[in-house]
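As structure tokens, the structure follows; a few thoughts come after it.
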Amino acid sequence: MATVDDRIADEAVREWLGEEARLEPLSTMNSSAWLVASEAERYVLKISEPAEEAGLRVAAWLEERGQRTGAPARMAIRGGRLVALLRYAEGRGLEKSATDVDLIGRTLGGVHSLLAEAPVPDGLERWPWHYPDATVIDEPDLRAAATRAIDAANQLAPTTFEALTSSSA
């Protein structure tokens, strides 16, 4: 049985890419998503809350500066939902290895360096995560690193950070 998001996805893809485009559902945490194949092109179609638009604009800004993000090629509001056709970013799943932990660190460091110069789009808070909780991370070394990062952020911007975390608790 097709959901509302399924119908929105089908209509958007047909309009943007044509009748030959194929959709394959993907598992996601905070949105509905499909892998989209159209001729030799691949995309990801994401349907989420309109508030996600600001983050996707940041992804586009990063991609313009050389950081591969799967930035949006098209976006629209349909049925009160944000529909985004994202450029496909080739990749692989992460493993619990020192190599992947190092890769994550280098990637996040590079993104954060770029973001130091980024304009903050309307609708995106400086601290987009209201509940920074390192205890949800299973891997001990990564959890310890996240705890240190949260503590350092709190020391650098205690008023802003504490206000956000206490007001959303």
Nearest-0.5 Å distance that lies between atom [atom1] in [X] and atom [atom2] in [Y]:
| X | Y | atom1 | atom2 | value |
| --- | --- | --- | --- | --- |
| L17 | R74 | CG | CZ | 8.5 Å |
| Y43 | L35 | OH | CG | 12.0 Å |
| T3 | R7 | OG1 | CZ | 7.0 Å |
| E49 | I77 | CD | CD1 | 9.5 Å |

With the 4.5 Å side-chain cut-off for hydrophobic clustering, are [X] and [Y] part of the same group?
| X | Y | answer |
| --- | --- | --- |
| I47 | L86 | no |
| W16 | V36 | yes |
| V136 | L142 | yes |
| I8 | L26 | no |

- Any salt bridge between R57 and E53, counting N to O under 4.0 Å?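 Salt bridge: yes.
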| query | Do K96 and D100 meet the salt-bridge criterion of a basic N to acidic O distance under 4.0 Å? | reply |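 Salt bridge absent between D100 and K96.
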Side chains of residues 103-119: which donor-acceptor pairs under 3.5 Å do they make with residues two or more places apart or in other chains?
residue: R106; atom: NH1; partner: D102; partner atom: OD2; Å: 2.3
residue: T107; atom: OG1; partner: L103; partner atom: O; Å: 2.8
residue: S113; atom: OG; partner: G109; partner atom: O; Å: 3.0

Where do [X] and [Y] come nearest, in terms of heavy atoms and distance?
| X | Y | answer |
| --- | --- | --- |
| L82 | P50 | CB-CA, 3.9 Å |
| A84 | L56 | CB-CD1, 3.6 Å |
| I137 | A146 | CD1-CB, 3.6 Å |
| P121 | A54 | CG-O, 3.7 Å |

[X] side chain to [Y] main-chain N or O, any donor-acceptor pair under 3.5 Å?
| X | Y | result |
| --- | --- | --- |
| E63 | T69 | yes |
| D151 | R148 | no |
| R78 | A9 | no |
| T28 | S31 | yes |

Exercise. Yes or no on side chain to side chain contact (heavy atoms under 4.5 Å, CB included) for W34 and V13, after CA distance, side-chain angles and deciding distance?
Worked result: CA-CA 10 Å; W34 295 260; V13 166; over 6 Å; no
Next item on the list: Evaluate side chain to side chain contact (heavy atoms under 4.5 Å, CB included) for E20 paired with S38, printing each intermediate quantity in order.
Entry: CA-CA 6 Å; E20 75 285 348; S38 177; 3.4 Å; yes
query: Heavy-atom count around R22 CZ within 6.0 Å, excluding the residue itself: above 12?
result: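 Open: at most 12 neighbouring heavy atoms sit under 6.0 Å from CZ of R22.
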- prompt: Please walk me through it: do M75 and V83 pass side chain to side chain contact (heavy atoms under 4.5 Å, CB included)?
  reply: CA-CA 6 Å; M75 288 193 292; V83 183; over 6 Å; no
Applying side chain to side chain contact (heavy atoms under 4.5 Å, CB included), name anything that partners E90, two or more places apart in sequence or on another chain.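 Counting only residues at least two positions away or on another chain, E90 forms a side chain to side chain contact (heavy atoms under 4.5 Å, CB included) with R42, R68, Y88.
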side-chain hydrogen bond (donor to acceptor under 3.5 Å, both in side chains): which pairs involve residues 136-146, sequence neighbours left out?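 Residue pairs passing side-chain hydrogen bond (donor to acceptor under 3.5 Å, both in side chains), neighbours aside: none found.
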